[in-house]
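Accompanying notes for the structure given below.
Here is the naming used below: chain letters follow the sequence lines, and residue numbers restart at 1 for every chain. Treat the numbers as computed from the prediction; the structure is a model and nothing was measured. Only this structure's heavy atoms are used, side chains among them; waters, hydrogens and symmetry mates stay out.
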2 protein chains.
Amino acid sequence: MNKASLNQYFHSLFPIEKEVVEKITESFSYFELEKNKVLIDVNTVSTQTFFLERGYMRSFILNEDGEQVTTNIYTAPCFVNDFLSFFKQQPSKESYQTITECSFWETSLENVQFNFHNIPDFREFSRLLFVVNYHKLNDRLIAMSSQKAETRYMNLLKLQPHIFQNVSLKIIASYLGITDSSLSRIRREIGKI
Amino acid sequence: MNKASLNQYFHSLFPIEKEVVEKITESFSYFELEKNKVLIDVNTVSTQTFFLERGYMRSFILNEDGEQVTTNIYTAPCFVNDFLSFFKQQPSKESYQTITECSFWETSLENVQFNFHNIPDFREFSRLLFVVNYHKLNDRLIAMSSQKAETRYMNLLKLQPHIFQNVSLKIIASYLGITDSSLSRIRREIGKI
DNA sequence: CTGATTTCTTGTCATTTGTCAAGTAATTAT
DNA sequence: ATAATTACTTGACAAATGACAAGAAATCAG
């Protein structure tokens, strides 16, 4: 329950002084959630931002047929928030829930705003977070529009094998943009080779 | 060739004083490109950021088979840059080219950095740009993984009909994640109804 | 431990989309 | 104006994926 991993995360993203990081993370407070608990509920305005220290999470929306579509899977350590809801103070269109037991560090928009306007390195860090997340999303979009499901599955398996130990195939299938029976068939075919 | 539309764009995104906008856009300079010209080339480090004042652009990558996959279509007025290349000063993985004749306002990373760290409203504006662009990308990803091609086509036609007057169906098809023959068939089917 | 629930797999068949090849229409370059 | 190129459409067939239903395996709640 110390801030070592939170502080470390700042250093991992770009060079920043120890004292500056400590000033930034001063306002963060710790909490835990069991598995399958809601972190950010759909239609609520998000006032906190979260650092996922330990565990697995996902975001999802409900489509026209009322089915859950997993939009993202979050693997600690990383920041989790709904950008649109948090920064524009609008109701979230997605829900965010824990998949495993998770631990978090959270802080408020007020603190983020203070740091953003008063600590230059935090500004750079924030922007870098956006750039990195935008880039990840872009890569997924390219994969979704130019690769077949089997390729997307193979890449996920290669790049994030630990996800398969912690997240159900149903959620993974939805994240890959296919049904769980299709994923099951793909896994069988791969196994044959 | 005055900065009216550039300045106006800042005001349209969030409340900001006229004088502040003028200070921000002071360093921007104007240029034009004919159709089918490269704005940002793949594998180059982007040192400028661009405001697309007039015209249509696209970004694309080459897939394993050497085919162009359109990753985004840009409709003026909007900012165009490769976030990863510009802010991390890395070689761009995508190419950006004009589709029609275009006019631009550009400024350098140095100017952006100066404004980012010295003009609070510019920080807010920058972050909002990221939030909005992230959100658009996220919506496209959700559409790609949960809607069929016909639905994606119908939505594009409804929300951005002008694109169909200015961008070839081949590019639109690629942007929608399908082949041009599939798009052609979808259009025929729609026509029947 | 036991029944209930959820996850995962599998089979059959339908639908969507891709591939390839050919043809027509439109645009561009000289 | 003419030839070359590019854009768009179409058809036949193949491949990928979805829908639905059923059963096996794993997990969960009491």
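For B/Tyr153 and C/dT17, the OH to C1' distance is 17 Å, given to the nearest whole Å. Atom CG of A/Asn36 and atom P of C/dT5 are 17 Å apart (whole Å). Atom CD in B/Glu34 sits roughly 19 Å away from atom P in C/dT27 (whole-Å rounding). Nucleotide C/dT10 holds its C1' atom 12 Å from the CD atom of A/Glu189, rounded to whole Å.
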Tabulate atom names and distances for all N/O pairs under 3.5 angstrom spanning the protein and nucleotides 6-8 of chain C.
{"residue": "C/dC8", "atom": "OP1", "partner": "A/Leu169", "partner atom": "N", "Å": "3.3"}
{"residue": "C/dC8", "atom": "OP2", "partner": "A/Leu169", "partner atom": "N", "Å": "2.8"}
{"residue": "C/dC8", "atom": "OP2", "partner": "A/Lys170", "partner atom": "N", "Å": "3.1"}

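In this view, A/Ser182 and A/Thr179 satisfy the side-chain hydrogen bond (donor to acceptor under 3.5 Å, both in side chains) rule, not counting sequence neighbours. Judged as a side-chain hydrogen bond (donor to acceptor under 3.5 Å, both in side chains), and not counting sequence neighbours, the contacts of A/Thr70 are A/Arg58. Residues that satisfy the side-chain contact (heavy atoms from CB on, under 4.5 Å) test with B/Ser103, not counting sequence neighbours, are B/Tyr30, B/Glu32, B/Glu53, B/Arg54. Qualifying side-chain hydrogen bond (donor to acceptor under 3.5 Å, both in side chains) partners for A/Thr44, counting only residues two or more places apart in sequence or in other chains: none. Checked against side-chain hydrogen bond (donor to acceptor under 3.5 Å, both in side chains), B/Gln147 has no partners two or more places apart in sequence or in another chain.
Applying the ring-ring contact (aromatic ring centres under 6.0 Å, His included) definition to pairs two or more places apart or across chains, those involving residues 127-153 of chain B are A/Phe83-B/Tyr134, A/Phe130-B/Phe130, B/Phe83-B/Phe130, B/Phe87-B/Phe130, B/Tyr153-B/Phe164. The stretch residues 13-22 of chain A participates, sequence neighbours left out, in these salt bridge (Lys or Arg N to Asp or Glu O under 4.0 Å) pairs: A/Lys18-A/Glu22. Among pairs with a residue in residues 107-125 of chain B, those fulfilling salt bridge (Lys or Arg N to Asp or Glu O under 4.0 Å) read B/Glu124-B/Arg127, at least two apart in sequence or across chains.
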Expected string for nucleotides 14-30 of chain D under the B/S/- scheme (protein heavy atoms, under 4.0 Å, primed atoms plus P, OP1, OP2 as sugar-phosphate) is --SBBBB-------S--

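Computed from C1' positions of five pairs at each end, the angle between the two local axes of the helix from C/dC1-D/dG30 to C/dT30-D/dA1 equals 70°, rounded to 10 degrees.
No side-chain donor-acceptor contact under 3.5 Å links A/Ser46 to the backbone of A/Asp82.
Members clustered with A/Tyr96: A/Phe31, A/Leu33, A/Leu39, A/Ile40, A/Phe50, A/Leu52, A/Met57, A/Tyr74, A/Val80, A/Phe104, by chain and number, using a 4.5 Å side-chain heavy-atom cutoff among hydrophobic residues.
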